[in-house]
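What follows is a set of notes on a single structure, which appears directly below.
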Amino acid sequence: MHEINPAPRLLMGPGPINADPRVLRAMSAQLLGQFDPQFRQYMADAAELYRGVFQTKNRWTMLIDGTARSAIEAALVSLIAPGDKVLVPVFGRFGNLKIEIARRAGAEVIAVEKEWGQVFTDAELKAAVQKHKPRIVAVSHGDTSTTMAQPLEGLGRICRENDAILYVDATATLGGMHLPADAWNLDVVSAGLQKCLAGPSGSAPITLNARAEAIIYKRRHIEQGLQDKGYKPGEGPIIRSNYFDLAMIMDYWSDKALNHHTEATTMLYAAHECARILMEEGLQKAFERHTAASKAMSAGLKAMGLELFGDQSHKMSNVTGVFIPAGVDGDRARKAMLTEFNIEIGTSFGPLHGKIWRIGNMGYNARRDAVLVTLAALEAVLAGEKYKFTRGAGVDAARAAYAGA
Ligand SMILES: Cc1ncc(COP(=O)(O)O)c(C=O)c1O
């Protein structure tokens with residue numbers, strides 16, 4: 001069997017992206033036991049760092065061991081009691097994922113849908129909340145399948161006024177776009193490392209406020225083998241997953257240090273370093289870096305005569321959807337990007353499959369050189385596909401956008 005020796009790819013799809021080398025270095029540190037005082041301090045430090053990233057004072061700011069989806073599942077299975085009404089605004093594939101998870105948790109799901117490429121207005125969301133009176137609203141911030149970002153400040157207010165809990169899937173935007181959990185009344189927010197946080201997938205930061213804690217901790221149960229004599233289970237219905245039981249994970253992260261899973265030590269090192277890098281740069285600077293890369297990428301693509309996908313006033317600042325021009329074989333072009341230039345760009349799902357490419361500029365790859373090299377390679381590949389455009393126009397426009405920024 002051969003040694004694993006990956007090609008030096010530049011990952012410019014909708015995530016995963018190349019990890020920051022500092023994160024990879026942190027991951028090579030020696031392991032510690034999960035109850036070692038030094039490791040408990042690293043856990044506390046990681047929680048504190050992520051309070052900064054989520055812009056929150058929430059005590060319960062933790063890491064779920066798993067990809068971003070694990071935190072979505074932990075949030076929903078811990079919040080939802082069977083029969084609860086859950087409203088899911090769907091504007092792309094990841095809205096459908098929340099429907100699927102909420103249904104498995106026994107929710108009565110109400111989906112409201114928006115055409116892919118658009119987002120909801122506050123008035124539409126308010127009408128849906130007032131009509132259906134959900135206990136929980138579960139929504140994506142940025143949906144990478146469409147490259148759209150749903151404004152959430154208004155929805156936070158609407159949920160508060162209507163006594164609904166708001167869960168936000170910020171997998172694709174945390175660290176790249178402004179998302180202040182406390183200021184926007186977002187009750188639970190979760191993410192993954194492999195997009196704007198510049199890490200590998202496999203650890204999922206989550207934060208939850210006192211409103212969410214009250215619901216979840218009422219359902220607290222302790223594993224039989226860990227119970228002491230005076231133990232009384234919570235009054236609420238037991239959370240239907242052991243691994244994703246947030247009440248148990250809270251007991252594990254708190255000073256109680258009650259045994260649950262064996263912490264994924266190396267992934268905690270990674271998550272810790274991702275947040276440390278981001279907070280060193282400063283949130284505002286990181287958001288501006290993503291915006292500058294996105295504007296340059298968009299300007300470059302347009303200068304090549306390509307059409308961007310979706311409502312550009314609500315586009316995520318870390319990924320751009322672009323129509324595959326007529327006469328160009330989208331998969332063949334992506335393959336040429338990968339095999340000839342070592343650059344990965346994304347295809348798409350569902351109704352957009354074969355129609356658009358998704359080109360990312362996120363986390364460690366939200367850099368001028370990564371944007372320019374990707375555009376230059378795409379120009380060469382499109383010329384090879386006999387697409388007619390002015391050679392060099394894309395890179396020139398992107399350089400000009402950077403010069404103006
Ligand atoms: C908005 C959103 N939610 C959830 C996920 C799923 O994340 P993971 O594959 O890390 O479980 C993704 C991945 O692209 C995403 O973009």
Side-chain angles (χ1 to χ4, degrees), residues 11-19 23 54 63-77 88-102 104 111 114 116-120 137-152 155 166-177 179 181 186 188-207 241 243-244 264 267 270-271 274 290 294 309-310 314-321 344-350 352-353 356-363 365-366:
L11 303 181
M12 297 297 280
I17 51 94
N18 299 85
V23 177
F54 283 113
L63 299 170
I64 307 297
D65 287 356
T67 68
R69 179 182 300 239
S70 70
I72 303 174
E73 192 145 347
L76 293 183
V77 81
V88 183
V90 180
F91 57 100
R93 175 198 160 182
F94 291 103
N96 290 322
L97 173 65
K98 282 175 268 297
I99 292 179
E100 136 103 26
I101 294 175
R104 283 174 188 253
K114 200 77 193 171
W116 288 27
Q118 308 295 319
V119 295
F120 293 90
V137 176
V139 70
S140 307
H141 182 212
D143 196 313
T144 40
S145 69
T146 68
T147 74
M148 295 296 112
Q150 173 64 47
L152 291 176
L155 181 59
L166 177 56
Y167 163 73
V168 174
D169 169 8
T171 302
T173 51
L174 190 73
M177 291 183 72
L179 188 73
L186 316 178
V188 184
V189 187
S190 72
L193 301 187
Q194 74 271 25
K195 313 237 186 212
C196 302
L197 291 168
S201 71
S203 175
I206 190 167
T207 191
S241 166
Y243 191 69
F244 293 131
M267 284 313 304
C274 288
H290 282 86
S294 170
F309 171 77
H314 290 108
K315 190 182 89 61
M316 293 159 68
S317 66
N318 55 328
V319 59
T320 305
E344 180 178 272
I345 62 168
T347 176
S348 202
F349 311 113
L352 297 178
H353 184 71
I356 68 166
W357 291 309
R358 293 173 304 148
I359 307 184
N361 52 260
M362 46 179 89
N365 289 350

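Whatever order the structure lists ligands and atoms in, that order sets their numbers, starting from 1. We count residues from 1, following the sequence as given.
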Legend entry - Main-chain N/O of Ala149 paired with His141 side-chain donor or acceptor, under 3.5 Å: no
Legend entry - Arg69 N/O to ligand 1 N/O under 3.5 Å: yes
Legend entry - Contact (N/O only, under 3.5 Å) between Thr67 and ligand 1: yes
Legend entry - Side chains of His314 and Pro151 in contact at under 4.5 Å (non-hydrogen atoms): yes
Inset, instruction - Check each heavy atom of Ala68 against ligand 1 and say whether those closer than 4.0 Å belong to the side chain, the backbone, both or neither. - result: both
Inset, instruction - Please indicate whether any nitrogen or oxygen in Asp169 is less than 3.5 Å from any nitrogen or oxygen in ligand 1. - result: yes
Legend entry - Ring-face cation of Arg358 near Phe349 (centre distance under 6.0 Å, axis angle within 45°): yes
Inset, instruction - Using modelled atom types only, decide if a donor and an acceptor are shared between the side chain of Asn318 and the backbone of Gly176 within a distance under 3.5 Å. - result: no
Legend entry - Closest protein heavy atom to atom 6 (C) of ligand 1, given as residue, atom name and distance to 0.1 Å: Phe94 CE2, 3.9 Å
Legend entry - Thr173 touching ligand 1 at heavy-atom level, < 4.0 angstrom: no
Inset, instruction - Looking only at distances, please establish whether an N/O atom of ligand 1 is found under 3.5 Å from an N/O atom of Thr144. - result: yes
Legend entry - Side-chain (Asn365) to main-chain (Gly360) donor-acceptor, under 3.5 angstrom: no
Legend entry - Residues Thr171 and Lys195: side-chain donor-acceptor under 3.5 angstrom: no
Inset, instruction - Would you check the N or O atoms of Lys195, main chain and side chain alike, for any that come under 3.5 Å of an N or O of ligand 1? - result: yes
Inset, instruction - Among all protein heavy atoms, pick out the one at the shortest distance from atom 9 (O) of ligand 1; state its residue, atom name and that distance to 0.1 Å. - result: Gln194 NE2, 4.0 Å
Inset, instruction - Look at atom 1 (C) of ligand 1 and say which protein heavy atom is nearest, naming residue and atom and giving the distance to 0.1 Å. - result: Gly142 O, 3.3 Å
